Amino acid sequence: MANPFVSVINLGCRVNRVESDRMERDLSQAGFALVDPDDAELIVINTCAVTGEAEAKTRKAVRHALGRAREPLVVATGCAASLHPEALRDLSDRVAVVPSKVEVVSRALKLLGLEESARGDCEPCEPAFRQARVGVKVQDGCNNRCTYCIVWKARGPERSVPVDAVLEQVRDVEEAGLPEVVLTGVNLGAYDGSSTNDEHVEIDELLGIILRETTIPQIRLSSIEPMDVSDRLIDRIAESQGRIAPFLHLPVQSGCTATLERMGRPYRAEEFEDLCDRIRRRVPSVALSCDIIVGFPGETDEEFEASLGLCERVGFSRMHVFRYSARPGTPAATMPDQVPPEIMAERSQRMRELAERMARIDAQSRCGTCERAVIEQGRRGTLASFHRVEVDGLDREGIEAPALVDVAIMDVNASGLVKAELVRRSVLDNAPVASKGD
């Protein structure tokens, strides 16, 4: 029997991206052929519901998939499918809602008339990693109750992937010859995995185990809540000799203590600044990025200026700026003093202008230094500090993507792309350098 054609469309966060990549590999192993959406007879959409806008994009994506030329079946999974399944089912009788992502493969087979036992009728495809930097999901769910957030309802309580299962995923990436794993989770810093030796392995301990038990060249943390960044974690990064990328994404959400209190965030603005100072003292080359919300209910001009000021003092290398979006069922949605859209738009513009300026300042501050870079395609890649980079000299040494290299940072162009020269293939990368005759 011919391999059925499937396409996976991802919406939303980094965790969704990792889960979508995993679904693609699982579908390949089950005998599906991954194709463009226009050629698919079944489309899987990994949905998002973090904001009202994200949920609207989910419905639009489902309608667009239904309108493809082959009139495919559509499997909706993920957060929006978990929160509001009927809204997606009502779009068409060709939509199947599967909130649990682990059930997507078996449901896809049944929708196409292929029972689990019939997998052998299709030749399994060889699952492959599509990126040089591969996400590894180690945690899901959240026990926090930020007043603006609906994700905890969609994702459920915190739970962690056992240490041995994490190591298995990392070794798969290692054996594929890829240079970087990105540890991801809905609340990554809450990792509390079990192992045969320690029933309570925390995130800094997990990093130590990966460093000790694998030879993966570089590990990156995707996003970690400020209250979960311990001195032990900072020390683990500092002492890793470059194997843990010196980069932390800290979702500060506001730089004003009064706003943070209304958000239900368990830290003060000055505590966050102190944390950033401690990180930089211990890891001088670190790049810090953040999520920031503007226009939260009750945010005054003075509170916004305080938030803007904190961001400028910290000097983030990148910022994800969000206008507050009310989510029905959250405490913030019914708070008084909702900020008018036109004020949110103006504050968002100012925050984004600051973000662009700080990103360039951070990149330029690295000129004249050396840094590791993951080469992902051609001469393009990602620095350990997470800036995008273009590297000259790879052809001279016969280095092709994917690879981990040491580069000398020379300049930053008008669009913020870092220009660098090859120094050598990184000592962390054991892959051989291809000869020019290969």
Side-chain angles (χ1 to χ4, degrees), residues 13 50-51 144-149 187-189 221-231 233-234 237 246-325 332 335 337-340 343-366 385-387 416:
C13 66
V50 68
T51 65
N144 297 324
R145 293 296 181 266
C146 299
T147 60
Y148 52 83
C149 187
N187 191 8
L188 182 61
L221 299 177
S222 64
S223 177
I224 188 164
E225 295 290 343
M227 57 278 198
D228 295 326
V229 181
S230 64
D231 287 337
L233 176 59
I234 299 169
I237 297 170
F247 170 82
L248 285 172
H249 181 81
L250 308 171
V252 61
Q253 308 301 7
S254 175
C256 171
T257 295
T259 309
L260 288 169
E261 289 175 351
R262 294 196 301 277
M263 289 178 167
R265 304 289 286 175
Y267 51 85
R268 299 173 62 81
E270 54 267 31
E271 292 172 338
F272 180 84
E273 281 197 75
D274 178 67
L275 170 65
C276 294
D277 288 341
R278 294 204 317 274
I279 294 170
R280 285 209 162 101
R281 284 196 300 270
R282 194 71 178 93
V283 189
S285 64
V286 74
L288 301 177
S289 73
C290 76
D291 294 336
I292 195 88
I293 297 172
V294 301
F296 189 77
E299 184 184 65
T300 64
D301 289 342
E302 292 75 18
E303 289 181 351
F304 171 72
E305 294 296 338
S307 191
L308 193 74
L310 177 140
C311 291
E312 186 162 22
R313 289 192 301 275
V314 170
F316 291 110
S317 62
R318 63 169 55 196
M319 295 167 58
H320 297 163
V321 181
F322 300 92
R323 300 183 201 183
Y324 169 71
S325 174
M335 284 182 178
D337 301 320
Q338 298 283 325
V339 178
I343 294 178
M344 280 199 279
E346 186 270 335
R347 290 176 183 174
S348 175
Q349 179 64 26
R350 289 185 61 194
M351 195 68 82
R352 290 177 191 278
E353 288 172 356
L354 174 65
E356 185 177 343
R357 179 162 58 85
M358 289 193 304
R360 188 171 183 83
I361 289 171
D362 186 87
Q364 288 176 329
S365 73
R366 298 172 188 276
S385 58
F386 212 54
H387 288 288

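Since the model is a prediction, treat every value here as computed from it, not as a measurement. Heavy-atom basis, side chains included; hydrogens, waters and symmetry copies ignored.
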Shortest non-hydrogen contact between Ile224 and Val229, atoms and distance: CG2-CG2, 3.8 Å
Heavy atoms of Arg265 and Tyr148 approach each other most closely as NH1-OH, 3.6 Å
Mind listing the closest non-hydrogen atom pair of Gly295 and Arg347 along with its distance? CA-NH1, 4.4 Å
Approximate separation, where rounding is to 0.5 Å, of Ile343 CD1 and Gln338 CD: 12.5 Å
Do Arg350 and Phe304 come close enough that some side-chain heavy atom pair is under 4.5 Å? yes
side-chain contact (heavy atoms from CB on, under 4.5 Å) between Glu299 and Cys256: does it pass, once the steps are laid out? CA-CA 9 Å; Glu299 184 184 65; Cys256 171; over 6 Å; no
How long is the straight-line distance from CG of Leu310 back to CD of Glu270, given to the nearest 0.5 Å? 9.5 Å
Should Cys311 and Ile292 count as side-chain neighbours, where that means a heavy-atom distance under 4.5 Å? yes
Inter-residue atom distance Ile234.CD1 - Arg282.CZ, 0.5 Å rounding: 9.0 Å
Find out whether Phe247 and His387 are in side-chain contact, i.e. whether some heavy atom of one side chain is under 4.5 Å from a heavy atom of the other. no
Is the side chain of Arg262 donor-acceptor paired with the backbone N or O of Pro297 at a distance under 3.5 Å, no angle test? yes
Would you confirm whether Thr257, through its side chain, and Ala269, through its main-chain N or O, come within 3.5 Å as a donor-acceptor pair? yes
Going by heavy atoms in the side chains, are Val314 and Val252 under 4.5 Å from each other? no
Is Arg352 reaching over with its side chain to a backbone N or O of Val321, donor-acceptor style, under 3.5 angstrom? yes
Closest approach of Leu250 to Cys276 (non-hydrogen atoms, all atoms of both residues): CD1-SG, 4.2 Å
Separation between CD of Glu353 and CE of Met358, rounded to the nearest 0.5 Å: 12.0 Å
Would the number of heavy atoms belonging to other residues, nucleotides or ligands and lying under 6.0 Å from CD of Glu305 be above 12? yes
Which residues satisfy the salt bridge (Lys or Arg N to Asp or Glu O under 4.0 Å) test with Glu271, sequence neighbours excluded? none
Can you list every ring-ring contact (aromatic ring centres under 6.0 Å, His included) pair that touches residues 270-294, not counting sequence neighbours? none
Sub-4.5 Å side-chain heavy-atom contact between Asp277 and Arg281: yes
Would a distance-only check, ignoring hydrogens and angles, find a side-chain to backbone donor-acceptor pair under 3.5 Å from Arg318 to Phe386? yes
Euclidean distance, His320 NE2 relative to Ile293 CD1, rounded to 0.5 Å: 13.5 Å
State the CG-CE distance between Asn144 and Met263, to the nearest 0.5 angstrom. 14.0 Å
Ignoring hydrogens and geometry, is there a side-chain-to-backbone donor-acceptor pair from Ser317 to Leu288 under 3.5 Å? yes
Answer yes or no: is there a side-chain heavy-atom contact under 4.5 Å between Asn187 and Asp228? yes
Identify the two heavy atoms, one from Gly298 and one from Glu303, that lie closest to each other, and give their separation to 0.1 Å. O-OE1, 3.2 Å
Which residues pass the salt bridge (Lys or Arg N to Asp or Glu O under 4.0 Å) test with Arg366, sequence neighbours left out? Asp362, Glu371
Strictly distance-based, threshold 3.5 Å: is any side-chain N or O of Glu261 a donor or acceptor partner for the main-chain N or O of Arg268? no
Decide yes or no for Pro251 and Pro226: does some side-chain heavy atom of the first lie under 4.5 Å from some side-chain heavy atom of the second? yes
Quick one: are Leu221 and His249 in side-chain contact, heavy atoms under 4.5 Å? no
